[in-house]
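Notes to accompany the following structure.
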Amino acid sequence: MRGYSSSSSSSASAASAAASGAVERMPKFLVTGSTGQLGVQLVSLLRSTFGAASTLATDVRLPTDQNMLNEGPYAFLDVTNGDAVRRLADQHEATHIVHLASLLSAVGEANPELALRIGNEGTKNVLEAARDCEGGSPRTVYAPSSIAVFGPSAGKVAGDKSHLMPSTVYGITKVHLELLGAYYRKKYGVDFRSLRYPGVVSATPGGGGTTDWSMDMLMYARQMLSDKAAGKTTTAIPFECFLKKDTFLPYVSMDDTLNETVKFLSASQPPQCTYSVSGLSFTPEQLHESIRRHIPEFEVTYNPCAVRQKIADSWPDSCEDSAARRDWNWNPAVSTADALVDQILFHEDADDAGEQNLQKVTIK
């Protein structure tokens, strides 16, 4: 993980405050959905950047990663309980709420009612807690969106002004999130911010998303490398991919997601509430070929899942992110499949890469 550095403008404002004798309040974060793929690592980065006590991690279950419990505060929180969201935000004196709780695309299709409750009701409760807070000024809310907001009408290259017509309940909840956040910013002054994440790739199992195949393939390759290093016989069983080999989709590495998200959180209020972002695009076949540079015997078979393939076919091939680059310097480091494979296979520590969610997700 690259270390995060504050922008020069942030440093200048801090110096100005010190010179004038003013005390600049350090940010304090309440994070929902903290035990998910992104949450575990983002909580760790926020704590290392702003102090261990700065970040209250929350979720509806205890983390299996004991570091989250040992390194800072943790609390149970169901985001559909608005009173509980407001109470914890007030008790922690949160200046920011980072709202990660949601059901991902494929899981949401299996349980749309729950996806709507968490996605829509949870977002409303977070925004209300940001608007009506004991500290006076509204809290900043960061709630990521997704390329799931797009549908076939967005075209192959989608951006900030593309048509939003999602094909999944997950995408519908993200459109609702974007619109409601913009409404609270205009009507109540809530500093709402959102990034439309593409597929986020790390060395951990996914949580039921359409792009999880990429992490599954890379973890399979890591295990083969580990077995070879230990002198064990590597498996002859090919990896089975649930998307077609030529399915082209946008992605971003976990390292870039974390560092650029904290940069976005730390920047002055941007002109837009929501930005499309991307790091790279590739197909399963292209990722396979990148892995074979290091493991020539690595084989893949393709057995498309009807539900996930239909979702993937409705999404764009890439995202246009010039506004994010212009307004707050979105600048991901990983831009090729080869670089992503090298990072995951040889540089990213799986034990450090977030909680391993081993729950089997069955999509029919």
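- At a threshold of 4.5 Å between non-hydrogen side-chain atoms, the residues K244 and T247 count as touching.
- In terms of heavy-atom proximity, W213 sits nearest to P284 at CH2-CA, 3.2 Å.
- For P316 against G155, the heavy-atom pair with the smallest separation is CB-O, 3.6 Å.
- A pairwise comparison of heavy atoms in D59 and G36 identifies OD2-N, 4.3 Å as the closest pair.
- The CG atom of D132 sits 5.0 Å away from the CZ atom of R86 when rounded to the nearest 0.5 Å.
- Between T123 and the choices L127, N125, V126, the side-chain contact (heavy atoms from CB on, under 4.5 Å) rule is met once, by L127.
- Side-chain atoms of S102 do not come within 3.5 Å of backbone N or O of L104 as any donor-acceptor pair.
- In this structure, R47 contributes its side chain and M68 its backbone to a donor-acceptor pair below 3.5 Å.
- Using cut-offs of 30° and 60° for the angle between ring planes, the F29 and F50 rings count as tilted.
- Note: S145 OG to L164 CG = 8.0 Å, rounded to the nearest 0.5 Å.
- Of the inter-residue distances, the one linking L56 atom CG with L77 atom CG reads 8.0 Å to the nearest 0.5 angstrom.
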Begin with the C-alpha distance, continue with both residues' side-chain angles, and end with the deciding distance and a verdict on side chain to side chain donor-acceptor pair (under 3.5 Å) for S290 and D338.
-> CA-CA 5 Å; S290 288; D338 286 353; 2.6 Å; yes
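- Looking only at side-chain heavy atoms (C-beta outward), L100 and S34 stay at 4.5 Å or farther from each other.
- Residues that satisfy the side-chain hydrogen bond (donor to acceptor under 3.5 Å, both in side chains) test with E121, not counting sequence neighbours, are absent from this structure.
- Taking the ring axis of Y188 as reference, the NZ or CZ atom of R131 stays within 45° of it and closer than 6.0 Å to the ring centre.
- Panel note: side chain S314, backbone I311; a donor-acceptor pair is recorded below 3.5 Å.
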Step-by-step side chain to side chain contact (heavy atoms under 4.5 Å, CB included) determination, W315 to L249 | CA-CA 7 Å; W315 289 351; L249 289 172; 3.8 Å; yes
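- E109 places a side-chain N or O within 3.5 Å of a backbone atom of V169 that can act as its donor or acceptor partner.
- Both L243 and V307 are part of a single hydrophobic cluster, where members link through side-chain heavy atoms under 4.5 Å apart.
- Using a 4.5 Å heavy-atom threshold, the side chains of P270 and Y275 count as touching.
- A distance of 9.5 Å separates CD in Q41 from OG1 in T257, rounded to the nearest 0.5 Å.
- Residues Q343 and D255 are in side-chain contact: their nearest non-hydrogen atoms beyond the backbone lie under 4.5 Å apart.
- Under a 3.5 Å cut-off, the side chain of D256 and the backbone N or O of V334 do form a donor-acceptor pair.
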Criterion side chain to side chain donor-acceptor pair (under 3.5 Å) on E320 and S322, from CA distance to verdict = CA-CA 6 Å; E320 200 283 313; S322 60; 2.6 Å; yes
Steps toward side chain to side chain donor-acceptor pair (under 3.5 Å) verdict (D342, H294) | CA-CA 9 Å; D342 293 348; H294 305 292; 2.7 Å; yes
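- Hydrophobic clustering, with ILVMFWY side chains joined whenever heavy atoms are under 4.5 angstrom apart, keeps V252 apart from V157.
- Of all non-hydrogen atoms in F242 and G209, the two that sit nearest each other are CZ-O, 4.0 Å.
- Side-chain N or O atoms of N81 include one that pairs as donor or acceptor with a backbone N or O of A84 at under 3.5 Å.
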Does the side chain to side chain contact (heavy atoms under 4.5 Å, CB included) test come out yes or no for V277 and E260, once each step is laid out?
-> CA-CA 10 Å; V277 294; E260 298 303 298; over 6 Å; no
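- I295 and V201 end up in the same hydrophobic cluster when Ile, Leu, Val, Met, Phe, Trp and Tyr side chains are linked at under 4.5 Å.
- At a threshold of 4.0 Å, the pair E297-K228 counts as salt-bridged, since one of the basic side-chain nitrogens sits closer than that to a carboxylate oxygen.
- In the hydrophobic clustering, where aliphatic and aromatic side chains (Ile, Leu, Val, Met, Phe, Trp, Tyr) are joined below 4.5 Å either directly or transitively, F76 groups with V60.
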Using the side chain to side chain contact (heavy atoms under 4.5 Å, CB included) rule, take V141 and R193 through it: C-alpha gap first, then chi angles, then the decisive distance, then the call.
-> CA-CA 6 Å; V141 172; R193 308 180 185 202; over 6 Å; no
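- With respect to the salt-bridge test (charged N to carboxylate O, under 4.0 angstrom), the residues R196 and E178 qualify.
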Determine, step by step, whether F248 and F282 satisfy the ring-ring contact (aromatic ring centres under 6.0 Å, His included) criterion, reporting the C-alpha distance in whole Å, the side-chain angles of both residues, the deciding distance to 0.1 Å, and the verdict.
-> CA-CA 5 Å; F248 203 58; F282 54 83; 8.1 Å; no
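- Residue-environment remark: CZ (R292) exceeds the threshold of 12 foreign heavy atoms within 6.0 Å.
- Aromatic pair W328/F264: centroids less than 6.0 angstrom apart.
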From CA spacing to verdict: ring-ring contact (aromatic ring centres under 6.0 Å, His included), F298, H288 = CA-CA 8 Å; F298 188 80; H288 176 207; 5.8 Å; yes
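- Between the side chains of Y251 and S278, not a single donor N or O lies within less than 3.5 Å of an accepting N or O.
- Between T140 and T95, every side-chain heavy-atom pair lies at or beyond the 4.5 Å cut-off.
- A donor-acceptor pair under 3.5 Å links the side-chain atoms of S214 to the main chain of T211, judged by distance alone.
- Side-chain contact between D212 and P205 is absent, with no heavy-atom pair separated by less than 4.5 Å.
- Ion pairing of D90 with R139 is present here, as a side-chain N (NZ or NE/NH1/NH2) and a carboxylate O approach within less than 4.0 Å.
- Contacts of R87 classified as salt bridge (Lys or Arg N to Asp or Glu O under 4.0 Å), with partners at least two apart in sequence or in another chain: none.
- Of all heavy-atom pairs spanning L30 and A89, the tightest one is CD1-N, 3.5 Å.
- Within the 3.5 Å criterion, the main-chain N or O of S54 finds a donor-acceptor partner in the side chain of H92.
- Remark: N259 CG to L45 CG distance equals 6.0 Å, nearest 0.5 Å.
- Checked against the 6.0 Å centroid threshold, F192 and Y184 do not count as a close aromatic pair.
- Minimum heavy-atom separation, F150 to C319: CE1-SG, 4.5 Å.
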W330/K263 under side chain to side chain contact (heavy atoms under 4.5 Å, CB included): CA gap, chis, key distance, verdict | CA-CA 8 Å; W330 165 262; K263 180 197 293 182; over 6 Å; no
Between D160 and S276, does a side chain to side chain donor-acceptor pair (under 3.5 Å) hold up when you go through it step by step?
-> CA-CA 6 Å; D160 295 341; S276 297; 3.2 Å; yes
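- Taking 4.5 Å as the limit, some side-chain heavy atom of F239 sits within range of a side-chain heavy atom of D216.
- If you take NZ on K28 and CE on M26, they are separated by 11.0 Å, rounding to the nearest 0.5 Å.
- When side chains are defined from C-beta on, T58 does not count as touching V31, because their heavy atoms never get closer than 4.5 Å.
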